[in-house]
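Here's the structure, in structure tokens; my notes come after.
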Amino acid sequence: MDKAYKIVWRGCGDYTDRAYFESFLQSVTQGGRVLEELNLPICEPATHPYFPLDALRSACGGFQEAAALARRYGMRVGINQWPAFGAEEVYAADDGHEMPFGPMVGYDGRIARRLACPTSPEFLAYTREKFKIYAGAGPDFIWIDDDCRFTHLGTVQYPCFCPRCVAGFEGGRFASREALVDALNQPENSALRRKWSEYGAQRLAEYCKTAREAVEEINPAIDVNLMTVGYSHTTFSGDYIEKCMAAAKSRAGRPGHGFYWDEEPRKMIDKIMEVARQVQRYPAQVLPDVQLEEDSCPRTPLNMAANIRVVLAALSIWAGCNGIAMNHLPGAGGSRPLAYSRYEFDLWRHRRAFMDQYLSFSEGLPALGIWVADNEFMAAGMDTKEKGWFHEDDPDYSVEKVNKEWPCFGSAISADPAHAYATLLQGKVVDTYSDEQIDEIFQKPVLLDGMALEALEKRGFGGRTGVRLAGRRLGLVEKMANAAVNEDFSGVTRTGIFHPTYLLEPLNSRVEILCTSPIPGAAEERPCVTRYGHVTVLGYSPYQFTGTVAKQTQLRNLLRADGAPVLLEPVDPYEISRVSPWVRGNGNRVSVLLVNTGFDPALPFEVCIRGSWTQASLLLPTGERRPVAPVYDGSFTRVRVEGLAPWDFLAVLAGE
């Protein structure tokens with residue numbers, strides 16, 4: 001069944017300016033439709049959680065006029081509600097209003113005058129009336145924005161520890177905020193931290209449930225949808241995505257993550273992986289309508305190239321989205337307020353055929369690749385010995401390190417543990433898993449860095465790797481050993497400055513030494529990269545400075561041995577380009593989205609798809625689908641790609 005990639009505009013300047021709004025509608029419909037849907041914001045006002053209800057009714061009148069006009073152009077129109085709980089003083093203008101609700105309280109006792117606690121009965125009663133007013137304005141849907149959360153709302157840190165929230169936790173067994181915070185900081189209390197995270201999700205879900213019930217009183221057909229945030233942003237509220245979407249009965253989702261400017265375009269990989277992790281948690285009823293948030297914050301359209309937005313949209317389909325919500329038009333003003341957007345609108349029209357065909361072919365296929373292990377309860381499992389609990393900025397728990405180079409040199413990564421062929425353990429992520437979960441991870445091939453080995457040893461799982469940690473040294477080099485995966489690069493060295501070398505000691509003779517580190521002033525060389533069955537320990541700068549032919553050859557051969565479903569092989573082994581593969585597939589069909597993440601044109605390479613595939617085609621950015629003659633080599637079906645322009649994309653489609 002053919003699918004259409006949905007393009008939505010989230011806000012469009014001052015839609016109460018009739019001339020401006022109509023010029024916008026004309027721009028996106030003349031010459032071929034660009035948009036299907038509009039999310040019109042009602043800010044109440046800006047960052048304050050309290051907006052007098054009579055003033056809100058007046059604002060909804062402006063929405064109704066704009067919605068009626070947009071519907072004449074054939075669009076669905078909804079309300080983007082913002083803010084949910086408000087924003088603390090660092091963001092909020094002092095408009096003289098005092099909110100008539102209980103405020104949020106940080107773990108340190110700081111009180112937020114402009115941030116309502118979502119457990120406050122007065123605030124929930126106000127929320128009910130507010131959403132009834134929204135529903136009475138007749139939107140097709142209402143969005144709860146991503147400030148439905150307990151972090152990054154201003155200067156107050158890790159709320160809410162107000163007396164009501166403290167009393168509602170664990171049957172009120174903690175006499176005070178101070179006693180509860182002290183208990184949460186104790187290293188041995190990870191189970192308590194998880195319960196607090198779950199409690200945070202429950203409190204957020206109660207807000208969403210209140211909004212849903214209010215809308216149902218007026219018109220049950222109006223959807224209440226949820227924008228979410230990624231787990232590198234916060235895991236303080238654990239499984240809030242699942243709980244909040246269930247409470248709101250959401251039928252659409254909008255996964256967000258910061259990628260606001262394109263001075264570092266490869267940062268879009270961080271965003272796409274975070275989006276994929278969120279979509280992975282979305283319930284089934286949401287999956288038909290998942291809209292990537294494109295946010296050139298703060299609505300500065302010239303700070304991101306239109307072509308980068310289009311690349312982001314293509315990647316969003318791999319991540320599980322079937323649409324994109326734009327948020328970068330300027331407000332009204334000037335004689336031609338939208339003239340600059342003509343190129344961008346035309347670009348979307350010219351790329352729609354690609355988006356639609358890639359989506360139609362890929363939808364429903366699981367993501368394939370290396371699962372970059374993450375955990376929605378990451379915060380609950382972190383080590384609190386040194387800094388206490390209330391921080392999530394520890395790079396030792398980052399799941400983003402691999403994004404820097406591996407995908408850009410042809411390694412397919414994924415956020416889907418169920419369909420991954422291997423798992424990558426970075427840093428201390430294993431701290432956040434139970435013994436049973438670690439056992440399950442080792443049922444598939446595993447790649448891990450030196451810090452992950454150290455964490456596994458502390459948990460008693462070091463023997464699974466075939467080695468033990470024998471020390472850490474700065475200033476060493478990596479030297480390729482005489483191993484089959486290294487081909488003819490034995491003796492070639494690589495320097496990874498800034499990072500320590502994790503020296504390894506094999507525990508038995510079945511451990512294969514892939515790289516060593518010569519010790520200055522001594523004749524010995526110590527192993528730093530090893531392989532034990534299908535467990536590979538990468539003890540030497542595994543995520544940075546990997547851009548050498550020898551290292552990329554080694555990694556490609558390791559992934560081939562682990563069962564990679566797709567590999568990229570340069571036609572000339574010494575001409576490796578920065579092409580990033582994003583794979584979805586099953587036994588009947590496979591799609592491989594290819595993005596050139598470099599500033600040089602990609603040189604010829606082959607897309608190697610495991611198994612025998614008799615049908616294959618190239619889907620070009622224009623939407624042209626060009627059949628190709630695949631070649632089966634006994635293990636992989638090979639499709640040759642002659643090149644790819646910088647920051648351009650195409651897809652290889654194999655099967656039905």
Side-chain angles (χ1 to χ4, degrees), residues 230 232 257 259 262 264-277 279-280 292 308 311-321 358 362 366-374 398-417 419-426 445 447 449 536 538 541-548 551-560 562 564-570 576-585 590-600 602 605-609 641 644 646-652:
S232 66
H257 188 71
F259 176 66
D262 64 3
E264 294 183 80
R266 280 158 60 180
K267 287 285 188 181
M268 73 170 66
I269 293 175
D270 293 345
K271 179 179 179 83
I272 287 303
M273 285 300 294
E274 283 297 87
V275 166
R277 291 184 181 104
V279 177
Q280 192 70 25
L292 176 83
I308 289 293
V311 174
L312 193 64
L315 283 166
S316 81
I317 297 174
W318 171 84
C321 301
Y358 175 45
S362 301
L368 307 179
I370 303 166
W371 176 45
V372 181
D374 71 295
S398 171
V399 297
E400 297 181 322
K401 298 173 186 175
V402 70
N403 298 352
K404 186 183 293 290
E405 294 187 8
W406 283 33
C408 304
F409 285 119
S411 298
I413 60 176
S414 169
D416 182 353
H419 299 94
Y421 72 94
T423 300
L424 173 66
L425 298 175
Q426 300 175 86
L447 302 104
D449 58 34
T536 303
L538 301 164
S541 190
Y543 312 122
Q544 197 172 8
F545 312 115
T546 66
T548 71
K551 192 64 182 179
Q552 289 304 314
T553 299
Q554 181 194 69
L555 286 172
R556 188 165 59 247
N557 286 333
L558 286 170
L559 301 186
R560 179 185 288 106
D562 281 340
V566 170
L567 294 167
L568 303 189
E569 290 193 354
I576 299 173
S577 299
R578 294 186 196 173
V579 177
S580 183
W582 303 88
V583 184
R584 284 189 172 269
V590 175
S591 69
V592 185
L593 176 67
L594 301 165
V595 179
N596 183 357
T597 63
F599 290 98
D600 291 322
F605 62 94
E606 290 183 325
V607 180
C608 305
I609 306 174
V641 177
L644 196 56
W647 289 103
D648 205 355
F649 58 87
L650 57 80
V652 175

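The figures that follow rest on heavy atoms only: side chains count, while hydrogens, waters and symmetry mates do not.
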Could you tell me whether the side chain of [Y] reaches within less than 4.5 Å of the side chain of [X], counting heavy atoms only?
X      : Y      : value
Leu594 : Trp582 : no
Phe259 : Ile272 : no
Leu447 : Leu424 : yes
Arg556 : Leu559 : no
Met273 : Ser232 : no
Arg266 : Cys408 : yes

Looking at [X] and [Y], what are the two nearest heavy atoms and their distance?
X      : Y      : result
Met268 : Leu315 : SD-CD1, 3.5 Å
Ser591 : Tyr358 : OG-CE1, 3.8 Å
Ala602 : Asn596 : N-ND2, 3.4 Å
Arg560 : Leu567 : CB-CD1, 3.6 Å
Trp647 : Thr597 : CZ2-O, 3.4 Å
Cys321 : Val275 : SG-CG1, 3.7 Å

- Message: Checking Gln426 against Asp449: is there a side-chain donor and acceptor pair closer than 3.5 Å?
- Response: no
- Item | Evaluation steps, side chain to side chain contact (heavy atoms under 4.5 Å, CB included), between Val652 and Ile609 | CA-CA 10 Å; Val652 175; Ile609 306 174; 4.2 Å; yes
Treating [X] as the side-chain partner and [Y] as the backbone partner, does any N or O pair qualify as donor plus acceptor under 3.5 Å?
X      : Y      : answer
Trp406 : Pro542 : yes
Asn403 : Pro407 : no
Ser580 : Val595 : no
Trp318 : Val583 : yes
Asp562 : Pro445 : no

Between [atom1] of [X] and [atom2] of [Y], what distance do you get to the nearest 0.5 Å?
X      : Y      : atom1 : atom2 : answer
Asp600 : Leu644 : CG    : CG    : 12.0 Å
Leu292 : Ile317 : CG    : CD1   : 10.0 Å
Asp416 : Arg584 : CG    : CZ    : 7.5 Å
Thr546 : Lys551 : OG1   : NZ    : 8.5 Å
Leu312 : Phe649 : CG    : CZ    : 11.0 Å
Leu555 : Leu538 : CG    : CG    : 6.5 Å

- Test log, rule side chain to side chain contact (heavy atoms under 4.5 Å, CB included), inputs Ser411 and Val402: CA-CA 10 Å; Ser411 298; Val402 70; over 6 Å; no
- Please test Val641 against Val607 for side chain to side chain contact (heavy atoms under 4.5 Å, CB included), starting from the C-alpha separation and ending with a verdict. CA-CA 7 Å; Val641 177; Val607 180; 4.0 Å; yes
- Task: State plainly whether the residues Lys271 and Glu274 are in salt-bridge range, i.e. N to O under 4.0 Å.
- Result: no
- Message: Does atom NZ (Lys401) have a neighbourhood of more than 12 heavy atoms from anything else shown, all under 6.0 Å?
- Response: yes
- Checking side chain to side chain contact (heavy atoms under 4.5 Å, CB included) for the pair Arg578/Phe409: CA distance, chi angles, key distance, verdict? CA-CA 5 Å; Arg578 294 186 196 173; Phe409 285 119; 4.0 Å; yes
